[in-house]
Amino acid sequence: MGRHVIGPVAEFPAGTRRMLVVEGRPIGIFNVNGLYYALKNSCPHQGAPLCVGTVTGMTLPSAPGEYVYGREGEIVRCPWHGWEFDITTGKSIFDPHKCLVKTYDVTVEVEDAPGVETYPVTVESGTIVVHI
Amino acid sequence: MEQQEKTIEQRTTRTVIIDCDVHPYPRNTEELRSYMSQPWRERYNGGGRGFYGNPVHGDRLDARPPQGGPSGSDPELLRKQLIDEYGYAYAILMPRAFCNLQPDPDFGNAIAAAYNDWLADTWLSKYNPDGVFKGSITVNTQDPVAAAREIERWAGHPHFVQVMTDSGSRAPFGQRQFYPIYEACEKFGLPFAIHPGTDGMGINVQPTPGFPTHYIEWHTCLSLGFQAHLVSFLTEGVFERFPDFKIVLVEGGVAWLAPLMWRLDAEYKALRYEVPWLKRRPSEYLRDHVRITSQPLERPDNDAYLLRMFEMMDAEYILMFSSDYPHWDFDSPTRAFPKLPESLHRRIFFDNAKELYKL
């Protein structure tokens, strides 16, 4: 169980992602609409680098002949076979119970700022930390 | 070139693998056009199927060369992601010319010839100092006599190991109009490989009852055309007429084979009368004349089901590994199969292809 500082919130805006290797594990970290998520960067199917795939939305369950598109930015598709995964849970869309990728906790921590203790601290000045 | 070739043992460090379906692409349409004479050079605009495109992505996103150009067009990247990554002995190259959809046979012939000249000049020579790449001679089946001449033009080339065409056709491939092609294949010892493409496109019929709505239907049902072609080859007596002729069914599915042969063998018991030239039950021709490549391998939830299918279809002697790199449904050599007994693994991943292609 390790705590790994990723960097300041200000440098990791919504809609962006980063690939890193932490404790020997390949990980993708995503900012989805201001919230941070981390997934193992390896597809449970055939081991492709899942997190470099297309970040997109999905066609939501609907009646035959209807198209309802949603969850823009919350879905990553594997770059090989195109399987869809929910970035917020690591679960696949086609079989969330049996096909899923490992997730890691990501927190935003407020750093102590010596000498400026009277200033208000906002989330924008925090640090992103992933917990392995 | 031949002198520079390393032995398989020098080139590979892990499991010895022959991949029977790898797709090289020209860097752009202009590169292919440069191998055409006029008027085809100015008329050729590239060309794929135009519809039934994969709505997600058609190729591995990580296979697109960073400097641009289509996936499969950069030999260095292909070597890194495939040859070196998995320790290949050989990759059998299958260019995608889509010439079978052309209504003008002369245009189809010109496209096939240009692909062959391009492949011979690039992937089979400039990019091939170690001889890891083996090629396929593209032919245009709507002009079988010209196709036979094209085969003859390349016969004896050290790196062309088979003839290939699209599964799309106006007729089942066992019919007699195609025999000039098979005669040439047999004469020069080249297997005839069929790869999905141009089904229902241009002049060709679609093997489903009409045109399906979605890519998922079209792609799933590609195996129907392969089944019809195989039944045609067997019942027309192609393997009696051309006793040294062999076919390779590439990317047409695997798990359907045994039940189809059960059905055909059952029919034969009464209907042998109609096809008296068959000297054996239809299924008994497979080991001598038919090979089938693995990708996209069906994977039922229970691995034991697939292993039983392998046993039922004689996979030990007729199944050959293929990846389909760089396409979207790529099968990893290390992840696509359930665990196999070592001897079966070696036959599927190496021996069957080595023997067929005389490598």
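First the proteins, then the strands, lettered A, B, ... as listed; each starts at 1. These numbers were taken from a predicted model, which means no experiment stands behind them.
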Reported [atom1]-to-[atom2] distance for the pair [X] and [Y], which is rounded to 0.5 angstrom:
| X | Y | atom1 | atom2 | answer |
| --- | --- | --- | --- | --- |
| B/Asp62 | A/Trp80 | CG | CH2 | 6.5 Å |
| B/Asp331 | A/His81 | CG | NE2 | 5.5 Å |
| B/Leu61 | A/Arg77 | CG | CZ | 10.0 Å |
| A/Cys78 | B/His57 | SG | NE2 | 7.0 Å |

[X] [atom1]: over 12 foreign heavy atoms closer than 6.0 Å:
| X | atom1 | answer |
| --- | --- | --- |
| A/Phe94 | CZ | yes |
| B/Phe211 | CZ | yes |
| B/Glu342 | CD | no |
| B/Asn302 | CG | yes |
| A/Leu60 | CG | yes |

Side chain, backbone, both or neither of A/Thr56 within contact of chain B (heavy atoms, under 4.5 Å)
neither
Residue pair A/His45 / B/Arg335: nearest heavy atoms and the distance that separates them
O-NH2, 3.3 Å
Using modelled atom types and a 3.5 Å cut-off, is there a donor and acceptor pairing between side-chain atoms of A/Gln46 and backbone atoms of B/Ser332?
yes
